[in-house]
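In what follows, a structure is listed as structure tokens, so that the remarks can point back to it.
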Amino acid sequence: MELNLQQKAAAEYSGENHILVLAGAGTGKTRTIIGRVAYLLETGVKPWRILLMTFTRRAAGEMIERLSGLVGDASRSISAGTFHHFSLYTMRRMPNDFNIGKATVIDRDDQVQLVRLIRDGYKRKKGVVPRAAEVVNLYSYARNTVQPLDAYLDKHSDYDDETIKMICDMAREYERRKQLNLYLDYDDILFRFADVLQENREVRERLKGGYDHILVDEMQDTNPLQWRILELLKDPPRLFCVGDDAQSIYAFRGADFRNVHSFTERVAQSEVLRLEENYRSVQGVLDFSNQLLENSSIRYGKKLRAYRKDPGKPRFMIFYSDMAEARYIASDLVQRHKNGARWSDHMILTRTGYAARTLESFMVEKKIPYRFIGGASLLQAAHVKDLICLLRSAMNHRDELAWTRYLKMFPKIGDVTAGKMIAAMKDCETTAAALETLSKANPSRKELIGNVNSVAGALESPAEAIKIASDVLTPLLKNRYDNWKRRSNDFKLLKRMAEGHESMAGFIEAYTLEPISTSMAERDGDEDAVTLITVHSAKGTEAKVCYLIRVEPGMYPHSRSIGSIDDEEEERRILYVAMTRAMDDLILTRTMGKWDVDDSSFFFNELDETMVDVHSTPHLY
DNA sequence: GAAGCGTTATACTAT
DNA sequence: ATAACGCTTC
């Protein structure tokens, strides 16, 4: 593999220090990490003694894929995945040391649902009770930044003392309910792992002894909780971290862009290397991106140098409505495809999943194949959740959230009745005993119990269990949703997805940890398709032609961050990440939007026409 | 008291 | 599209 001098110096570093590679956008971070792994293998490091931490499982898969072309089968022995995957699977592999038993991993929706049940008990008291989703966010943020919830709220929120106490009470009750239900939320996965590592010297030493090198991608977006895990695992393992402060866009999860600056202070025996030459983009794209950063009050001290010499000025197109914007992008895609370009050379970047909906409908209408990455996932759709909850109910009679949702599908059962039925089962040891208890107390509810029984009998074959669950739920659901035909197709999709899995729990866990959109599930991986992607998910990716949609007031910076300097600067980095994905063509589009949006912080109130070609289109709807 | 229905609000980013 | 809320019905 060809590496430039700086990349080579990083990849083939042979000293004993921990390394941070500061690498700007498009400077070959991934290439350098892959080069590093290849180098380590060449020098005799065993592949299973290399741990590769990536930001998403998708990124891990791509790196392993590229490595296999370089080093063959050895790539399959490398441990690669996110902090969450690594932590969870290590705990599952060492069940006696971590004691997570049969715990169910719950996603954010489940967290919110559980807090909602708890919150109902707080409604009577005077004053406003924060929303369940807000409580989940606050608590998760405090945990990811490793600070007590009350201290965090005291310092960083506007809540009065009484409300703070209430939020802390709800969080405590949330913890209790999780234990009762054998739930692990995303944060528990990291916390439990870190706690055991810290408390149990023997386990810690055993794990540390398993690795020589820990490589961390997207270091700028690791939060204090993840840092804590790295600190517990390093020495003797050597750290090789790669990141870019200007691309730090996960502050809401506890990451701080300044962290990479203090790397050498935080990590003894460490040094910083740099990658500065950009191979991805044409000069025009880089000039425009550099200008965006220069307008910031923060000095990132970087200016990307293009290796490529072609000018390639970006375009900025103004449309009257989102319909006109979407229509243009769809027809431009079709035109480029007709001219011989592949669909997969095109990426459409969106700030929010919601903002891409108009465009999505045009993609469907024009029959342009696309994959949506980020945004709402298949498992979050109401009808899919219904089905998953029946499966979960059959697997674990103490799964309060699953049972509540399942029971409420039946007439005359609401939160209260469901709660009573679940309480009746809580002391039963087995599912069979629980169903027996339920059936004695509710003789008229044969159907309800029979459904769970049939699914429970088929759990050894996930696809079969899904088929049964789908059949028994159809009569209950088909009148509840208007577009039932389209929704029921998702059940078939789910069945197909489950076919490769050996256990139901494994299947559900895999897709809880790695959410998948409908558009991804419908297509197989190598099909030529346009990528529609949120900017957050696009970190680390690139495409020849990039469309950035809805680059307008209220979006960049997002209206929610207006007023906070830190938040607005994070939004600038988000836009920076988006723009630097483009290799050849960068097309920014905006609509005229609503008239009442505060546009004073918009990043492009004035457009420098030496940097970008501006096109205004006729006011067509 | 609990369930169910219709109306209205809200929709940022994600492991 | 879905959650939350207020109001009516059982």
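On a predicted model such as this, the values are computed, not experimentally measured, just so you know. Below, chain A is the first sequence line, B the second, and so on; all start at residue 1.
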Rounding to a whole Å, what distance do you find between [X]:[atom1] and [N]:[atom2]?
{"X": "A/Q380", "N": "C/dA3", "atom1": "CD", "atom2": "C1'", "answer": "14 Å"}
{"X": "A/D110", "N": "C/dA3", "atom1": "CG", "atom2": "P", "answer": "12 Å"}
{"X": "A/K385", "N": "C/dT2", "atom1": "NZ", "atom2": "C1'", "answer": "9 Å"}

Sugar-phosphate, base or nothing in reach of A/R487, heavy atoms under 4.0 Å: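 The residue A/R487 makes sugar-phosphate contact but no base contact.
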Sugar-phosphate only, base, or nothing, as touched by A/R108 at under 4.0 Å among non-hydrogen atoms: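 If one applies the 4.0 Å heavy-atom cut-off, A/R108 turns out to touch a base.
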Check ion pair [X]-[Y] (N to O, under 4.0 angstrom):
{"X": "A/R92", "Y": "A/E509", "result": "yes"}
{"X": "A/D185", "Y": "A/R143", "result": "yes"}
{"X": "A/R228", "Y": "A/D195", "result": "yes"}

Strand-adjacent residues in residues 187-198 of chain A, judged by heavy atoms under 4.0 Å from DNA chain B: none
Test: A/R573 cationic atom under 6.0 Å from A/F257 six-membered ring centre, within 45° of axis: yes
Nearest-0.5 Å distance that lies between atom OG1 in A/T437 and atom NZ in A/K426: 12.0 Å
Range on DNA chain B touched by chain A - first to last nucleotide, heavy-atom distance under 4.0 Å: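 So the outermost contacting nucleotides come out as B/dA2 to B/dT15.
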Distances for protein N/O vs nucleotides 6-10 of chain C N/O pairs under 3.5 angstrom?
none

Any side-chain donor near an acceptor of the partner, A/N223 and A/Y141, under 3.5 Å: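 No pair is found: no donor N or O on one side chain lies under 3.5 Å from an acceptor on the other.
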